[in-house]
There are 2 protein chains.
Amino acid sequence: MAKRSDTGEAPPLGFVEHDHGACRAAALAHARAVCVERGLKLTETRAAVLDILLESHAALGAYEVLRRLGAARGSAPQPPIAYRALDFLVANGLAHRIERLNAYVACARPGADHAGAFMICNGCGAVAEIPGEAAAKGLSRSADALGFDIARAVVEAEGSCPACRAASPESGS
Amino acid sequence: MAKRSDTGEAPPLGFVEHDHGACRAAALAHARAVCVERGLKLTETRAAVLDILLESHAALGAYEVLRRLGAARGSAPQPPIAYRALDFLVANGLAHRIERLNAYVACARPGADHAGAFMICNGCGAVAEIPGEAAAKGLSRSADALGFDIARAVVEAEGSCPACRAASPESGS
DNA sequence: CCTAGTAATGTTATGCTGTAACGGTCAAGG
DNA sequence: CCTTGACCGTTACAGCATAACATTACTAGG
């Protein structure tokens, strides 16, 4: 099963083959549109960092982003450069922080609600983003029962993606 | 109190008043029992770290644990001392790591399944542990649909506990 | 044009989080 | 006695993150 084009639900990227060039271009275009719409500036640094994250559906540590940013520029930027850009992207729903990995991924569901949940493959490092509501429904119910008011939910599953399960069957059934 | 008859399901601590001295003593006794049962050694360092975590239902960073361990001993132990003890406790279900905070809490549900979910109060720092199944059910379903095999799920909600909502009503709904 | 204000970047320095590697101690067992 | 294995002690360093301040760039108003 190579390419899927059914659009009934958002097909989660990350574990499925797709035209990544188009995926990347679309995400960048979406980011520009969002920034125009909200009066934000997608500066060169921010766009470069987003593009770095968009190179794959894996999560990158801030220092890896920083290294690639340095490589792209030919200079050696300092950590705050990367962190500020990442903070901007996360604050505006263009990227997400993966707490489990202390790392960042580009948002794979442009324009969506942005309470995503994530599946992290330990084999290949790919991260799939799925809508958070379904995953967090039970959590909301528990919170209501406790009188707890949820401001943000972190939902991250770690395991093996289909391809990695197929490659090393001993890791799961 | 809502007490289940024979499942042993406890009401979630952390946000509720309780006899914490007893809670702490019970957890320590449980830890000793678990270690005897499994042939593990609850050494002085490990017991001290567990006791430090049991001082409250808040999450503590490894270096804070380290400081308190040093205070308790009168010496100044190095990071690996704390990390090794914390790793032992986490590996054996006696404590949990809170990814969102890069910090650790004592397990509040001794003997339970150990795929907990957590609610973290931003106001007072308290952490309540709830059974993970309910919270992660939607996640499991999504994973099945994707063919993803979950090895571990991180489910952490950040927000306001009942007491803190009451104290500062502007922060909640 | 000039200027003042704001937002973003550049830079320095530092602190928190986590681990690799090696050596010492102690207990169990040949 | 000597090995083995588990744990602890220590050094050193790697990776993650931010405070604080200087500089640049854009832009709004005179």
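Everything quoted here is computed from the prediction, not taken from an experiment. Numbered from 1 within each chain, the chains take letters A, B, ... in sequence-line order.
- With rounding to whole Å, A:L101 atom CG is found 16 Å from D:dA17 atom C1'.
- Per the geometry, CZ belonging to A:R97 stands 12 Å off C1' belonging to D:dG15, to the nearest Å.
- Remark: the B:S56 side chain and the B:R24 side chain contain no N/O donor-acceptor pair separated by less than 3.5 Å.
- Between the side chain of B:Y63 and the base of C:dG15, no donor-acceptor pair under 3.5 Å is found.
- Rounding to whole angstrom units, CZ of residue B:R73 and P of D:dC8 are separated by 8 Å.
- The distance between atom CD1 of A:I98 and atom C1' of D:dC16, rounded to the nearest whole Å, is 16 Å.
- Nucleotide D:dG9 holds its P atom 17 Å from the OH atom of B:Y83, rounded to whole Å.
- The structure places CZ of B:F118 at 7.0 Å from CD of B:E156, a figure rounded to the nearest 0.5 Å.
- In this model, a side-chain donor or acceptor of A:R84 finds a partner on the base of C:dG10 within 3.5 Å.
- Across all strands, A:Y104 comes closer than 4.0 Å only to sugar-phosphate atoms, never to a base (heavy-atom distances).
- With the nearest nucleotide of DNA chain C identified for both A:A76 and B:A62, A:A76 has the one nearer the 5' end.
- At whole-Å resolution of the value, CG in A:L66 and C1' in C:dT11 are 13 Å apart.
- Rounded to whole Å, the distance from CG on B:N102 to P on C:dG18 is 5 Å.
- Checking D:dT10, C:dT11, D:dA17 against the side-chain heavy atoms of A:P79 singles out D:dA17 as nearest.
- Here CG of B:L42 is found 6.0 Å from CZ of B:F88. Values are rounded to the nearest 0.5 Å.
- Across all strands shown, A:R67 has no heavy atoms under 4.0 Å from either base or sugar-phosphate atoms.
- Nearest-nucleotide mapping onto DNA chain D: of A:E64 and B:R46, the residue sitting toward the 5' end is B:R46.
- A close approach under 4.0 Å does not occur between any side-chain nitrogen or oxygen of A:T43 and OP1 or OP2 of C:dA8.
- Sorted by first then second residue, the salt bridge (Lys or Arg N to Asp or Glu O under 4.0 Å) pairs that include residues 76-97 of chain A, not counting sequence neighbours, are A:R97-A:E99.
- Using a 4.0 Å heavy-atom distance criterion, B:P77 is classed as making no nucleic acid contact.
- Rounded to whole Å, atom P of C:dC16 lies 20 Å from atom CD of B:E99.
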> Can B:E64 and B:R68 be said to form a salt bridge (charged side-chain N to carboxylate O under 4.0 Å, His left out), step by step?
Replying inline: CA-CA 6 Å; B:E64 179 58 27; B:R68 297 192 189 187; 2.8 Å; yes
